[in-house]
Amino acid sequence: MPHLISVDLPISGMTCASCAGRVERALANVAGVARVSVNLASERARIEAPAGSLEQLVNAVSAAGYSVPSERLELALGGMTCASCAGRIERALAQQPGVLSVSVNLATERAQLQVLNAGDVTALLQAVSKAGYQASRIGDPQTTQATAAKQLQRERWMLFLAIALTLPLVLPMLVAPFGLHWMLPAWAQFALATPVQFIFGARFYRAAWSALRAKAGNMDQLVAIGTSAAYGLSLYQWAVSPPGSMPHLYFEASAVIITLILLGKYLESRAKRQTSSAIRALQALRPERALRLRDGGEQWVALSELQLGDRIVVKPGERFPVDGQVVQGQSHADEALISGESLPQPKQPGDSVTAGAINGEGRLLIETTALGAETVLSRIIRLVEDAQAAKAPIQKLVDKVSRIFVPSVLLIALGTLLTWLALGAGIETALLNAVAVLVIACPCALGLATPTAIMAGTGVAARHGILIKDAEALEIAHSVNLVAFDKTGTLTSGSPRIAHLKAVDGDTPHLLQLAGALQRGSEHPLANAVLDECAQQQLTLVEVSDSKALAGRGIAGHVGERQLALGNKRLLEEHWLQNQTFVAEALEWEAEGRTLSWLMELAPQPQVLGLFAFGDTLKEGAAEAIAALSEQGIDSHLISGDNRGSVNAVAKALGISVAHAEVLPANKAEIITALKKDAVVAMVGDGINDAPALAAADVGIAMGSGTDVAMHAAGITLMRGDPRLVVDALDISKRTYNKIRQNLFWAFAYNLIGIPLAAAGLLNPMLAGAAMALSSVSVVSNALLLKTWKPKDRSPKP
């Protein structure tokens, strides 16, 4: 019979007794549950259930139509050395009451948990400590960075001292090829090697003992056993040697192995710190103070003292401390590190600004609209941190291998020892070969192969305006061979523009001038299109009197003695006017899905003066994006709820062969599901109506200029509304996945080649130690090459 524990589960969404009953029945149906009691007033459920059944209980509540509130918690970890360490901490935390999910990242040395109550972490910290590691709650980012910098400096000094003690032991070997044969006396070798073994190597003994108490294996056990064997053999040889003779000692082997591994760990730590440089760069964008304007005076205050609605003064060259809206002043904002936009963006009253961007040449007064964790910059940092902490699906295979790796190596080393003894070799030879096996086997590289590549890839992507929310999206995106685009707001600007216009007398500037005069002051989207075109052509608008909106038809007014109107076909027919001049154009433009408006004179001479065709315009870069995808063999589809003429016109202009028009939001997801049967599909959209399709696709890509709902449903968010970023997102995904595969190949290759060589006696223990250290450093260094990635310049050449 399974061990039962008491679970106190908070429930959200219950409104009546029948809700409580429904939840109670759902929980009672979970296998192994002995007793359930749901309290509507406290919104909690008390359950007697088997240990480890929390996830099933939460799923049961969700299936019943309610939810279990949970909180996100992040812990800083210490003492991990390989993938098996990460797995052991993960299992220890997952067994704790109230933990819904946990993910431990070896590269970042952090654990991300979803828990019922993040207030009390004592039990979680104790669980990590019991497993043989250290844990603490994540504090202020600057404090965390300072602690990490101090730890790196400490590792550097430890390494220098270890090298200083080891070098005299190795010196005789280095000068021997030059005909200088001498050896330090045994007592001197012992004096130099002992501090290295037991002071600088103490970390390996501590971690090995902790793992042993937890009945698990890790890399430190291999190092501790191997170096202790070499050190112990040296003591034995020294003790049994005749007085006055020089015994064959191996103090230098144990000291060199420890020093080389310390060197590898130091280089690895430095490299890992570089993989998280994107996060540090984003965190550094946040100013610590803001210049608040209150009661006519300016005062510097900490960001924690600010409130929504406060007015902040931002001088030229300063960073915006909060998200806000410009109230006064004109300037430009450099948002390169936030959105990847290379050119400064103009800012004037009414425009929004983002915390972390750099103000240009003008003094701005802004009103605060978001603070702290709610700013765009903070949300970006959270997304990048989540992606870097998440595990790619391929990591599951590595975790399985790591779990059995150390026990397997210990068995191979024992087999090597016994085999050499059985073949008649001396204890010295057999033991050294077994030590070489222990030392070269390094599960560190396996544990670092995937997370370091993901950290580097997501970091460099964020620098260029591509936010990859989870590692699974990153891994799947490399194999995408079909991209489905929404139309409005994704490939087109989403706001109407004048696509065509024609005047009866051929004077289109005058026609536009009259239409602009009628539309002055109107907020209608078509009016904005007319006024924007007038402004672009620098036309002077004449005065209009008696202007009035005609509901559902258009607008009318007097220009001098003439009564003019601008409206749709219904308004044209109301005044018995004929469209004889523009019959062909009207049919052609309607077939393109354009919205038509006629400018007409109602008095004194009723007549049609001209025809306007309004339509959505293609976004800059849309054609280049589709062309780039086609060059890579990736098909493009267009899925839109707009009319067939409009959709087909956009598809034709961009070279998209398959277009789905007049599609309802729910049907978009159905089309994506159907396409997934024959292809790996990415969906690109920006609106609420795109959210189901984004969630249904293998990879959802949301335009950052769109809605929050779309961004939550997508695995990748593009901070700029530039379609070319879709190609860049797929490109960095491919490069990151290739790095993961390269890293895993090298990590496995080191062991598949090195262990047999060591077992066969073809690898000196010191060389084995060097190879072991090199394996981790090479894996992290290979991942760091991703930091050189830059999007291709796909702008049309002149």
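Note that the coordinates shown come from a computational prediction; the quantities given were computed from them, not determined experimentally.
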With sequence neighbours excluded, residues passing side-chain hydrogen bond (donor to acceptor under 3.5 Å, both in side chains) with [X]:
X	value
Gln299	none
Gln537	Glu533
Gln605	none

Can you tell me how far [atom2] of [Y] sits from [atom1] of [X], rounded to the nearest 0.5 angstrom?
X	Y	atom1	atom2	value
Asn528	Asp532	CG	CG	6.0 Å
Lys502	Leu609	NZ	CG	15.0 Å
Asp731	Leu725	CG	CG	12.0 Å
Leu566	Gln519	CG	CD	5.0 Å
Ile626	Leu618	CD1	CG	10.0 Å

Check: Taking only residues two or more places apart in sequence, or in another chain, which ones meet Gln348 in a side-chain contact (heavy atoms from CB on, under 4.5 Å)?
Finding: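 side-chain contact (heavy atoms from CB on, under 4.5 Å) list for Gln348, sorted by chain: Gln330, Asp351.
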Under 3.5 Å donor-acceptor pairs involving side-chain atoms of residues 648-661, not counting sequence neighbours:
| unit_1 | atom_1 | unit_2 | atom_2 | d |
| --- | --- | --- | --- | --- |
| Asn648 | ND2 | Arg644 | O | 3.3 |
| His660 | NE2 | His637 | ND1 | 3.4 |

Item checked: Backbone N/O of Val680 and side chain of Asn481: donor-acceptor pair under 3.5 Å ->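 Looks like yes, one N/O pair under 3.5 Å.
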Notebook entry, point to check: What residue pairs, at least two apart or across chains, pass ring-ring contact (aromatic ring centres under 6.0 Å, His included) with a residue in residues 355-374?
Noted result: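 Every pair satisfying ring-ring contact (aromatic ring centres under 6.0 Å, His included) with a residue in residues 355-374: there are none.
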